[in-house]
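None of these values were measured; they are calculated from a predicted model.
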Amino acid sequence: QEWENTLATWDPQDFCNISKVILPTDVYWTPPIFILERVNGQNSNLEYMVVMHNGTFNYTQAFQVTLTCSLMILKFPFDTQMCNLSIASFLYPVTDLAMKTRHTAAEVIRDSQSFFLTDGEWQFTNLSIVEYLEEMNDEKFAVVTYIISMERRPTLYVLNLILPTCLLYLLDMAVLFGPSSLEEKINFQIAIIVGNSMLAVILNDILPTSSNKPPIIG
């Protein structure tokens with residue numbers, strides 16, 4: 001966060017060329033902000049901010065936040081999810097506190113790609129920024145929303161679910177039209193049904209239950 005306070009300025013030449021000081025956050029006013037989609041999380045213990053001689057306050061705090069997000073898993077495992085991270089301050093209306101983003105969406109995307117180093121299930125693809133006003137109790141409040149797009153890496157699901165299922169069905173057709181006896185065909189069919197049932201149980205444990213539309217693969 002960065003803001004200006006015209007009452008906290010000084011001439012560095014009058015104070016041994018000191019152009020900035022570091023003060024505790026409870027010494028001066030700081031804008032209270034909230035993350036609307038936040039479920040739980042942990043804040044850092046950084047309780048200091050930098051004050052420049054021209055009255056500019058710079059306050060950086062790290063958050064580890066769990067957000068709620070509506071999932072659309074119709075195309076699982078080839079799906080792309082979009083989650084919102086909305087920052088607002090409902091203590092001050094927009095006439096008292098106006099929030100603007102410091103960086104453009106392209107700059108945030110570049111920084112996010114450099115920070116997102118994990119090689120897990122999700123891949124960061126895009127980010128957009130929306131600034132709007134939220135009306136509540138006949139007052140308008142500034143809200144900044146980051147729309148984050150994440151793409152699922154499907155390789156693991158293809159190898160563990162889709163490919164084995166296709167092979168089982170091919171084996172099913174081969175046994176059905178093969179020269180084997182009826183008793184052998186029934187034994188093979190039972191084995192294939194058991195294998196498909198195990199894959200269905202694995203798929204049921206993997207899929208999230210928060211989507212209104214079930215996935216096509218289900």
Side-chain angles (χ1 to χ4, degrees), residues 1-5 7-8 19-52 54-73 79-137 139-153 206 208-211:
Q1 304 176 60
E2 186 176 291
W3 66 96
E4 292 184 2
N5 186 347
L7 301 178
S19 60
K20 66 178 180 179
V21 293
I22 299 176
L23 297 176
T25 55
D26 55 357
V27 175
Y28 278 94
W29 175 87
T30 57
I33 62 170
F34 309 95
I35 300 178
L36 304 185
E37 296 85 3
R38 177 172 179 173
V39 178
N40 55 34
Q42 183 179 0
N43 300 354
S44 65
N45 296 325
L46 185 61
E47 299 180 354
Y48 294 89
M49 58 185 173
V50 179
V51 183
M52 304 298 296
N54 58 359
T56 301
F57 285 69
N58 195 305
Y59 178 45
T60 302
Q61 187 177 16
F63 290 89
Q64 183 179 0
V65 184
T66 301
L67 305 178
T68 176
C69 182
S70 179
L71 297 180
M72 299 296 295
I73 57 173
D79 53 331
T80 299
Q81 305 296 339
M82 299 180 64
C83 295
N84 294 343
L85 192 153
S86 301
I87 301 174
S89 178
F90 291 123
L91 298 181
Y92 298 95
V94 69
T95 54
D96 299 332
L97 177 61
M99 294 196 305
K100 298 293 182 180
T101 56
R102 180 188 302 177
H103 303 288
T104 63
E107 293 174 341
V108 177
I109 290 175
R110 184 178 65 251
D111 295 339
S112 300
Q113 289 175 343
S114 63
F115 294 147
F116 198 84
L117 301 178
T118 179
D119 193 21
E121 179 181 1
W122 295 96
Q123 180 179 0
F124 172 78
T125 56
N126 194 19
L127 184 145
S128 59
I129 304 174
V130 179
E131 300 177 358
Y132 63 97
L133 298 180
E134 182 77 20
E135 188 171 354
M136 183 182 300
N137 297 329
E139 289 184 320
K140 294 183 179 181
F141 301 88
V143 182
V144 178
T145 299
Y146 295 85
I147 304 176
I148 305 170
S149 299
M150 305 287 288
E151 184 179 12
R152 194 190 304 268
R153 291 187 174 98
I206 292 175
T209 58
S210 60
S211 179

- Message: Would you say that I35 contacts L67 through its side chain, given a criterion of any heavy-atom pair below 4.5 Å between the two side chains?
- Response: yes
- Task: Check the surroundings of atom CG in N40: do more than 12 heavy atoms from other residues, nucleotides or ligands lie under 6.0 Å from it?
- Result: yes
- Is the shortest heavy-atom distance from the side chain of Y28 to the side chain of M49 under 4.5 Å? yes
- What closest approach, in Å, do N126 and I109 show between heavy atoms, and which atom pair accounts for it? OD1-CD1, 3.1 Å
- Message: Please report the interatomic distance NZ(K20) to OG1(T56), rounded to the nearest 0.5 Å.
- Response: 12.5 Å
- Item | For the student: nearest non-hydrogen atoms of L127 and I148, plus distance | CD1-CG1, 3.9 Å
- Task: Drop me the distance from Q123's CD to Q113's CD, to the nearest 0.5 angstrom.
- Result: 9.0 Å
- Item | Note, E135 side chain near F141 side chain (heavy atom, < 4.5 Å) | no
- Query: With E107, which residues qualify under side chain to side chain donor-acceptor pair (under 3.5 Å), at least two apart?
  - Reply: H103
- For the pair F63 and R38, evaluate side-chain contact (heavy atoms from CB on, under 4.5 Å) and give the outcome as yes or no after the intermediate values. CA-CA 11 Å; F63 290 89; R38 177 172 179 173; 4.0 Å; yes
- Item | Any donor-acceptor pair under 3.5 Å from N5 side chain to L7 backbone | yes
- One should read off an interatomic distance between Q61 CD and Y59 OH, to the nearest 0.5 angstrom, of 3.5 Å
- Report yes if some heavy atom in the side chain of I33 is under 4.5 Å from a heavy atom in the side chain of Q1; otherwise report no. yes
- Query: Does the side chain of F124 reach to within under 4.5 Å of the side chain of M150, using non-hydrogen atoms?
  - Reply: yes
- Item | From CA spacing to verdict: side-chain contact (heavy atoms from CB on, under 4.5 Å), V143, L133 | CA-CA 6 Å; V143 182; L133 298 180; over 6 Å; no
- Message: Taking the side chain as everything from C-beta on, heavy atoms only, tell me whether T30 gets closer than 4.5 Å to W3.
- Response: yes
Please table the atom pairs, donor to acceptor, closer than 3.5 Å between any side-chain atom in residues 79-92 and protein atoms at least two apart or in another chain.
from: D79; atom 1: OD1; to: R152; atom 2: NE; distance (Å): 2.7
from: D79; atom 1: OD2; to: Q81; atom 2: NE2; distance (Å): 2.7
from: D79; atom 1: OD2; to: R152; atom 2: NE; distance (Å): 3.4
from: D79; atom 1: OD2; to: R152; atom 2: NH2; distance (Å): 2.8
from: Q81; atom 1: OE1; to: M72; atom 2: N; distance (Å): 3.0
from: Q81; atom 1: NE2; to: M72; atom 2: O; distance (Å): 2.8
from: S86; atom 1: OG; to: E37; atom 2: OE2; distance (Å): 2.8
from: S86; atom 1: OG; to: T145; atom 2: OG1; distance (Å): 3.0
from: S89; atom 1: OG; to: P32; atom 2: O; distance (Å): 2.5
from: Y92; atom 1: OH; to: W29; atom 2: NE1; distance (Å): 3.1

- Message: Quick check for you: to the nearest 0.5 Å, what is the distance between D26 atom CG and Y48 atom OH?
- Response: 8.5 Å
Taking distance alone, no hydrogens or angles, what donor-acceptor pairs closer than 3.5 Å link side-chain atoms of residues 93-102 to residues at least two apart or in another chain?
from: T101; atom 1: OG1; to: E131; atom 2: OE2; distance (Å): 3.0
from: R102; atom 1: NH2; to: E2; atom 2: OE1; distance (Å): 3.2

